Engineer: 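The structure is given below, and queries will be raised subsequently.
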Amino acid sequence: MITSEKSTEDFNRWRKLLKSHFSPVNMMADFIKYPVTTEKSYLSMFKNKQYTFDVDLRLTKPQIKKLFETLFGVNVIGINTHRPPRKKVRAGLSTGYKSAYKRVILTLKEGQSIQF
């Protein structure tokens, strides 16, 4: 009897831990790799309210729009995507390629911004 109560308590503790670490919001944030901070993207951020991010290759435009609207609470007006060519990497004698990614340029509604 005591062991079943303890195992139930342990199960509930693990369940709570897993829910906190693997919540849908935390898992959605894993699809965004990082914001791109180049001179061109920095200028477009202030002139046109366009933000540039590198995201997972498998995401589609509707998925990207929903992802940014739920995570950051902004209204996305337009999405432009492209896949830059892979760069060659060399370490010693072995050569390879950097992993592929998708670059996203988001246009936000006037007066909104993303804090990252």
Side-chain angles (χ1 to χ4, degrees):
M1 195 89 176
I2 294 171
T3 58
S4 66
E5 290 175 6
K6 184 172 175 19
S7 64
T8 305
E9 182 180 310
D10 289 341
F11 177 73
N12 289 335
R13 188 169 31 116
W14 275 105
R15 190 174 177 180
K16 183 178 178 183
L17 180 74
L18 288 175
K19 279 187 178 181
S20 66
H21 287 297
F22 298 109
S23 69
V25 174
N26 289 342
M27 293 184 73
M28 284 192 305
D30 291 339
F31 288 120
I32 302 172
K33 292 188 178 182
Y34 45 84
V36 178
T37 53
T38 60
E39 189 174 341
K40 185 177 180 181
S41 68
Y42 198 72
L43 287 173
S44 69
M45 189 183 327
F46 290 108
K47 285 184 180 178
N48 305 326
K49 292 289 184 189
Q50 292 181 332
Y51 292 85
T52 307
F53 289 90
D54 286 346
V55 298
D56 193 278
L57 201 68
R58 299 168 289 183
L59 293 177
T60 61
K61 285 185 180 183
Q63 291 171 338
I64 293 168
K65 182 176 181 178
K66 185 176 179 184
L67 175 73
F68 279 93
E69 286 180 346
T70 56
L71 279 180
F72 296 107
V74 294
N75 295 333
V76 178
I77 294 174
I79 298 175
N80 297 335
T81 62
H82 70 281
R83 293 174 52 183
R86 293 170 54 176
K87 294 184 179 178
K88 201 172 226 181
V89 177
R90 186 173 156 216
L93 294 175
S94 62
T95 60
Y97 290 95
K98 288 180 94 176
S99 59
Y101 56 90
K102 185 180 277 191
R103 185 154 288 170
V104 177
I105 301 170
L106 300 169
T107 306
L108 300 182
K109 189 176 178 183
E110 191 65 34
Q112 293 185 341
S113 65
I114 294 177
Q115 302 298 323
F116 53 87

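All figures in this text were calculated on a predicted structure; none of them were measured in a lab.
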Engineer: Tell me which donor-acceptor pairs under 3.5 Å the side chains of residues 76-90 have, and how far apart each pair is, sequence neighbours excluded?
Structural biologist:
unit_1, atom_1, unit_2, atom_2, d
R86, NE, K98, O, 3.2
R90, NE, G92, O, 3.0

Engineer: What distance do T38 atom OG1 and M45 atom CE have between them, rounded to the nearest 0.5 Å?
Structural biologist: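 Nearest 0.5 Å value for the OG1-CE distance: 8.5 Å.
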Engineer: Work out which heavy atom in L57 is nearest to a heavy atom in A100; give both atom names and the distance.
Structural biologist: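 Minimum heavy-atom separation between L57 and A100: CD2-CB, 4.2 Å.
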Engineer: Quick one: pull up CD in E69 and CD1 in I64 and give me the separation to the nearest 0.5 Å.
Structural biologist: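 Separation between the atoms: 12.0 Å.
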Engineer: Do other residues, nucleotides or ligands put more than 12 heavy atoms under 6.0 Å from the NZ atom of K61?
Structural biologist: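 Yes, the 6.0 Å shell around NZ holds more than 12 heavy atoms from other groups.
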Engineer: Using modelled atom types only, decide if a donor and an acceptor are shared between the side chain of K102 and the backbone of L59 within a distance under 3.5 Å.
Structural biologist: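 Pair found, side chain donor or acceptor close to backbone of L59.
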Engineer: Are any of the side-chain heavy atoms of I32 and L71 separated by less than 4.5 Å?
Structural biologist: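 Yes, close enough: below the 4.5 Å cut-off.
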Engineer: Filter on ring pair (Phe, Tyr, Trp, His ring centres under 6.0 Å), then keep only pairs touching residues 59-80, sequence neighbours left out; what's left?
Structural biologist: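 Listed once each, the pairs are F53-F68, F68-F72.
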Engineer: Is there a path of hydrophobic side-chain contacts, each under 4.5 Å between heavy atoms of I, L, V, M, F, W or Y residues, that connects Y51 with Y101?
Structural biologist: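 Each belongs to a different hydrophobic cluster.
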Engineer: Which heavy atom of V36 sits nearest to which heavy atom of S41, and what is that distance?
Structural biologist: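 V36 and S41 have their closest heavy atoms at O-OG, 2.9 Å.
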Engineer: By the salt bridge (Lys or Arg N to Asp or Glu O under 4.0 Å) test, which pairs, at least two apart or in different chains, include something from residues 37-51?
Structural biologist: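 Counting only pairs at least two positions apart or across chains, no salt bridge (Lys or Arg N to Asp or Glu O under 4.0 Å) contact touches residues 37-51.
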Engineer: Would a single hydrophobic cluster contain both L108 and I105, if residues Ile, Leu, Val, Met, Phe, Trp and Tyr are joined by side-chain heavy-atom contacts under 4.5 Å?
Structural biologist: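 Cluster IDs for I105 and L108 differ.
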Engineer: Flag the pair R103 / T52 as yes when at least one side-chain heavy-atom distance between them is below 4.5 Å, and no otherwise.
Structural biologist: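 Touching, per the 4.5 Å side-chain cut-off.
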Engineer: Measuring from N75:CG to L106:CG, what's the distance to the nearest 0.5 Å?
Structural biologist: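 Those atoms lie 12.0 Å apart.
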